[in-house]
Amino acid sequence: MTTTAIRTSITNGLDGSTINGSSDESLNILVVGAGIAGLAAAIGLRKQGHHVQIFEQSRFARETGAAVHIAPNANGLLKRLGVNMEAIEANKMERLTEYNSNGELQRSMDLTESNKLWQHDWRLTHRIRLHETLKKLATSDDEVGPPASLNLSSGVVDLNPHEGTITLKDGTVVKGDLVLGADGVHSISRRHVAGGEIVKPLGSGKSAFRFLIDRKAVEEDLATEKFVRHSGNLVIWYGTDRRVVMYPTSDNTLLNFVCIYPEEESEAGDDWNNDTNKEALLQVFKDFDSSCVALISKANAESLKSWKLLDMPLLDTWVNDRLVLLGDSAHPFLPHQGQGAAVAMEDATALSVVLEKGLKRSDVPARLQLYETIRYERANRMQEYSRKLGKDVQKDAKLDMIEYTNYNFGHDEFDNSTQRLREWKWAQNPKIYWRMPIAFGPMPGPRQSHYGVARNSVESTFRTASIKFKTSRTVLQNLFPPGAKGYRFKSPGTVAYCSFSCTTLDKMEWLGGTGYSHIGLYIHGVEYEKPDGQIISGTYMPILFESLTDPIVSGREELGMPKLYTAIDIFHGTGSYRIKTSWQGSLWGNFTLDGLEPDTDLAAATGKVSGEDDDGILVHRYYPKVGRDLKGQSETEYPVFVPFAEEKPQPVTKRVWKASRANIKIDPLDWNALPTLHHIVTRLGEIPIYEIVKAKVVEGEGVPDVAPARRIY
Ligand SMILES: Cc1cc2nc3c(=O)[nH]c(=O)nc-3n(C[C@H](O)[C@H](O)[C@H](O)COP(=O)(O)OP(=O)(O)OC[C@H]3O[C@@H](n4cnc5c(N)ncnc54)[C@H](O)[C@@H]3O)c2cc1C
Ligand SMILES: *[C@@H]1O[C@H](CO)[C@@H](O)[C@H](O)[C@H]1NC(C)=O
Ligand SMILES: *[C@@H]1O[C@H](CO)[C@@H](O)[C@H](O)[C@H]1NC(C)=O
Ligand SMILES: *[C@@H]1O[C@H](CO)[C@@H](O)[C@H](O)[C@H]1NC(C)=O
Ligand SMILES: *[C@@H]1O[C@H](CO)[C@@H](O)[C@H](O)[C@H]1NC(C)=O
């Protein structure tokens with residue numbers, strides 16, 4: 001098999017595509033409602049390559065000119081979607097000023113310093129400008145991904161969460177792979193999630209007037225001019241059960257007002273666009289300080305609306321099969337921290353992350369569940385904070401609009417969901433190796449891909465040169481792990497057998513079709529007796545040098561093998577095979593096999609790495625503890641056995657050469673030349689060679705992945 005063929009087999013199915021449910025297809029996504037939530041989701045999802053159709057009941061003739069906070073947690077997400085705050089004249093929020101209803105200044109905080117904590121600005125924008133921009137980004141041909149379609153005057157009257165269908169008021173049925181219920185506080189989508197038929201929005205006990213005033217008019221009046229001396233200043237007048245909130249927008253040219261009051265004092269519709277009149281406003285706030293009253297009496301009568309502030313008990317779930325709720329349909333927000341739109345954008349972001357490019361239709365319901373898991377706690381908690389800040393002023397409970405700022409602002413939903421999706425995918429496959437560094441996910445290695453798929457090394461090749469010799473049992477047994485009981489030689493004789501064996505591996509799938517070499521000392525005829533008397537016999541390997549970091553790390557950590565690095569140079573000539581081992585240029589080992597002749601008796605040769613017919617390999621795993629005061633203590637220490645019989649794939653020998661002469665020369669050099677290996681190479685050099693017994697080179701296919709390695713005691 002050629003290297004190209006091997007590379008092909010690596011990409012087919014082993015890159016995780018089948019496991020993680022991705023394909024080249026895109027999803028058909030139906031969005032109910034073109035509010036901030038629906039549009040933000042549409043933008044994120046088209047960027048992922050999905051086909052998005054938005055159905056909006058209104059003609060957008062009714063959109064009111066109100067402002068909206070874009071806190072740092074929302075601004076970062078909007079930037080990703082392509083919204084530029086400066087381009088929509090969203091001025092910065094720079095100051096918070098608070099009065100009581102008598103007009104006495106409570107505090108005035110310059111926020112410019114504390115805002116430096118946040119990567120993204122805290123901005124105040126005109127709702128219409130933001131909405132227009134989102135609409136353009138969702139539907140324009142110039143952006144990444146297929147443009148979303150937006151059908152106006154297309155109220156959705158019913159839907160089927162299992163079929164992924166919606167029914168429009170004219171009876172048209174549209175089918176998709178999933179439905180996003182982004183239809184706001186009066187959501188009809190909500191009725192289709194468990195419990196959502198019963199849970200209804202209810203009055204919070206408060207209503208709010210909302211209107212705009214030209215800043216200029218306030219500036220020109222001596223009674224009110226003091227309120228606009230600072231730019232980006234959010235001002236609150238707190239009465240006990242009512243309050244006036246003012247903040248600038250549109251590059252500080254407009255002042256946006258939200259005046260909250262007990263709902264029984266002035267009737268309001270419970271939608272955004274109910275006209276009421278100025279008299280009602282002034283009546284409700286008549287006891288407020290005269291300069292505040294002077295200020296609100298400048299209300300632009302046309303922009304003045306009033307509506308009930310709605311709250312809702314928690315929904316148990318936002319998801320039913322192929323239907324998912326986001327924004328106010330999942331959790332209607334009270335306006336007290338200016339985070340409702342931000343949470344809607346966070347929901348939209350999380351959805352566009354989990355519905356990643358190429359997701360298969362069949363995997364949609366599980367991803368929607370994941371979205372809920374990611375968003376549920378944070379959205380509900382922020383909703384609860386808004387509730388708290390809407391409470392009436394009491395003596396002992398102080399209200400602080402910025403109390404929850406760190407929680408609200410210190411979050412980037414794109415980064416958070418991206419990580420939670422990763423962790424979720426990793427958790428889909430619990431039987432997967434993790435080793436340091438774990439922050440980046442499961443570690444690809446000889447026994448698995450990053451996705452946990454076993455490696456195919458049937459076509460990988462090996463060439464093993466081994467020199468077996470007679471030597472001293474009493475010298476070799478000093479290479480058993482100090483203090484470890486149970487290791488011994490099978491034979492009582494003082495003559496023992498061992499080999500230096502050097503293998504070159506190639507066409508290794510886990511190394512992208514490349515390979516490396518290793519050389520180790522294999523001590524034959526060893527056994528380990530467990531305390532219960534069970535005996536395991538094999539070849540004991542006190543050291544294995546390898547020429548590449550990756551197998552060293554995986555072998556040490558996953559198998560407990562005593563691997564270290566050394567450079568291995570191999571020269572395969574006609575009739576000769578020379579191996580030179582060195583470290584940073586210090587040559588410490590010469591292993592030569594000469595007079596090589598092909599051996600036709602393949603059956604006599606084995607493909608075993610050691611070149612020997614033992615039951616398996618015995619190694620001793622040892623890991624030190626971390627800590628200056630813990631020197632000399634092990635975190636863990638135990639014998640490990642790799643039974644040859646269980647190895648997969650079994651190596652297949654293709655060619656064998658026998659050598660007529662072989663030589664081993666080891667020079668331990670000194671601590672300067674081999675600062676990390678001198679103690680090892682010295683001991684290797686001390687092993688006497690009584691007689692070379694056998695020297696051969698074996699070539700073949702199929703490299704075992706060493707997965708059967710196991711702790712034996
Ligand atoms: C007084 C007040 C002030 C606020 N101030 C702020 C603020 O400063 N900052 C902030 O972040 N948040 C603020 N919020 C909250 C924020 O406005 C909402 O949380 C946010 O707009 C919710 O967005 P949404 O897209 O989920 O819902 P909506 O904006 O309500 O959008 C829902 C859309 O769905 C459409 N729709 C509804 N039913 C159907 C149907 N059956 N078929 C088709 N279409 C349908 C609607 O017409 C609408 O366009 C405030 C809220 C209030 C009440
Ligand atoms: C949505 O609008 C487009 C273009 O205006 C139209 O072709 C399409 O039929 C509409 N879809 C539905 C389901 O009404
Ligand atoms: C608007 O408010 C008035 C009271 O000011 C009320 O009578 C009316 O029903 C409301 N309209 C809607 C559409 O809610
Ligand atoms: C994601 O955000 C939540 C809520 O703020 C937090 O508890 C969690 O630790 C975050 N997760 C990650 C992976 O950052
Ligand atoms: C190994 O052989 C080379 C020549 O091929 C020689 O220069 C070197 O000294 C030898 N080293 C050892 C450790 O025998």
Side-chain angles (χ1 to χ4, degrees), residues 30-41 53-60 62-64 66-71 73-74 124-125 127 130-131 134 149-159 166-170 172-174 180-190 204 206-210 234 245 247 249 256-260 270-272 305-310 325-348 350 374-375 377-379 381-383 386 407-408 410-413 415-423:
L30 309 179
V31 182
V32 187
I36 286 168
L39 291 176
Q53 290 170 267
I54 314 168
F55 298 90
E56 165 59 46
Q57 68 183 7
S58 75
R59 293 172 13 250
F60 283 131
R62 297 161 58 229
E63 182 73 38
T64 48
V68 57
H69 277 261
I70 301 298
N73 55 313
L124 303 165
T125 183
R127 209 181 169 94
L130 174 65
H131 197 265
L134 292 175
S149 66
L150 171 57
N151 288 61
L152 299 176
S153 306
S154 301
V156 173
V157 294
D158 197 11
L159 60 87
I166 59 171
T167 308
L168 305 182
K169 63 177 185 297
D170 66 4
T172 315
V173 175
V174 187
L180 269 49
D183 45 351
V185 61
H186 299 296
S187 171
I188 67 122
S189 310
R190 191 189 294 136
S204 63
K206 293 284 194 279
S207 290
F209 294 102
R210 187 170 237 197
L234 183 143
V245 180
Y247 59 86
T249 184
N256 175 73
F257 285 80
V258 184
C259 304
I260 297 162
D270 57 6
D271 66 50
W272 288 74
K305 315 274 179 193
S306 168
W307 68 97
K308 272 189 189 164
L309 297 182
L310 298 179
L325 306 183
L326 65 159
D328 277 7
S329 74
H331 41 63
F333 257 75
L334 293 171
H336 308 294
Q337 353 168 73
Q339 278 286 342
V343 171
M345 291 172 212
E346 289 187 351
D347 288 352
I374 292 174
R375 292 296 307 152
E377 202 225 313
R378 179 171 162 86
R381 194 152 153 192
M382 289 169 83
Q383 198 183 15
S386 295
Y407 182 81
N408 293 344
H411 183 92
D412 182 309
E413 190 53 62
D415 290 341
N416 191 274
S417 308
T418 301
Q419 178 64 6
R420 298 196 49 190
L421 173 62
R422 269 192 207 111
E423 290 176 1

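The analysis underlying the following values was restricted to heavy atoms, covering all of them including side chains, and did not include hydrogens, waters or symmetry mates. Numbering of residues begins at 1 and proceeds along the displayed sequence. One-based numbering, in listed order, for ligands and for the atoms of each.
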Give the numbers and elements of all ligand 1 atoms closer than 4.0 Å to a heavy atom of [X].
{"X": "Ile36", "answer": "25 (O)"}
{"X": "Tyr247", "answer": "8 (O)"}
{"X": "Ala342", "answer": "11 (O)"}
{"X": "Ile188", "answer": "41 (N)"}
{"X": "Gly327", "answer": "26 (O)"}
{"X": "Gly184", "answer": "27 (O), 30 (O), 32 (C)"}
{"X": "Phe55", "answer": "43 (C), 44 (N)"}

Does [X], backbone or side chain, put an N or O under 3.5 Å from an N or O of ligand 1?
{"X": "Trp307", "answer": "no"}
{"X": "Ser58", "answer": "no"}
{"X": "Ser154", "answer": "no"}
{"X": "Ala344", "answer": "no"}
{"X": "Leu309", "answer": "no"}

Going by the atom numbers of ligand 4, which of them fall below 4.0 Å from some non-hydrogen atom of [X]?
{"X": "Gln419", "result": "13 (C)"}
{"X": "His411", "result": "2 (O), 5 (O)"}
{"X": "Asn416", "result": "1 (C), 2 (O), 3 (C), 8 (C), 10 (C), 11 (N), 12 (C), 14 (O)"}

[X] side-chain N/O to [Y] backbone N/O, donor-acceptor pair under 3.5 Å:
{"X": "Ser386", "Y": "Pro335", "value": "no"}
{"X": "Lys305", "Y": "Ala66", "value": "no"}
{"X": "Arg190", "Y": "Val185", "value": "yes"}
{"X": "Tyr247", "Y": "Ala67", "value": "yes"}
{"X": "Arg378", "Y": "Tyr407", "value": "yes"}
{"X": "Glu56", "Y": "Ala34", "value": "yes"}
{"X": "Asn151", "Y": "Ser154", "value": "no"}
{"X": "Thr125", "Y": "Leu130", "value": "no"}
{"X": "Gln337", "Y": "Gln339", "value": "no"}
{"X": "Ser204", "Y": "Leu309", "value": "yes"}

Run the numbers on Gln419 and Asp415 for side chain to side chain contact (heavy atoms under 4.5 Å, CB included), then give the verdict. CA-CA 6 Å; Gln419 178 64 6; Asp415 290 341; over 6 Å; no

Just let me know how [X] lines up against ligand 1, side chain, backbone, both or neither, with a heavy-atom cut-off below 4.0 Å.
{"X": "Ala182", "answer": "backbone"}
{"X": "Phe209", "answer": "neither"}
{"X": "Ala341", "answer": "both"}

For atom 12 (C) of ligand 2, closest protein heavy-atom neighbour: Asn151 ND2, 3.5 Å

Taking atom types as modelled, is there a side-chain donor on [X] or [Y] under 3.5 Å from an acceptor on the other?
{"X": "Asp347", "Y": "His331", "result": "yes"}
{"X": "Asp183", "Y": "Ser189", "result": "yes"}
{"X": "Ser149", "Y": "Gln53", "result": "no"}
{"X": "Glu413", "Y": "Asn73", "result": "no"}

Are any of the protein's heavy atoms under 4.0 angstrom from atom 2 (O) of ligand 2, yes or no? yes

Might you check, step by step, whether the distance between atom 9 (O) of ligand 2 and some protein heavy atom is under 4.0 Å? no

Only heavy atoms count here, so choose which of Ala37, Ser329, Gly340, Ala67 is nearest to atom 15 (C) of ligand 1. Gly340

Among Arg59, His186, Arg127, His131, which one has a heavy atom closest to atom 29 (O) of ligand 1? Arg127

Using a 4.0 Å cut-off to any heavy atom of Phe55, which atoms of ligand 2 qualify? 13 (C)

Give the atoms of ligand 2, by number and element, whose distance to some non-hydrogen atom of Val174 is under 4.0 Å. 13 (C)

Any N or O of Thr172 closer than 3.5 Å to N or O of ligand 2: no

Given the ring of Phe257, does Arg210 sit roughly above its face, with NZ or CZ under 6.0 Å from the centre of the six-membered ring and within 45° of the axis? no

How does Glu377 reach ligand 4, by side chain, by backbone, by both or by neither, if only non-hydrogen atoms under 4.0 Å count? neither

Against ligand 1, does Gly155 come closer than 4.0 Å with any heavy atom? yes

Can you label the angle between the His131 ring and the Phe60 ring as parallel, tilted or perpendicular, going by 30° and 60°? perpendicular

Does any N/O atom on Tyr407 come nearer than 3.5 Å to any N/O atom on ligand 4? no

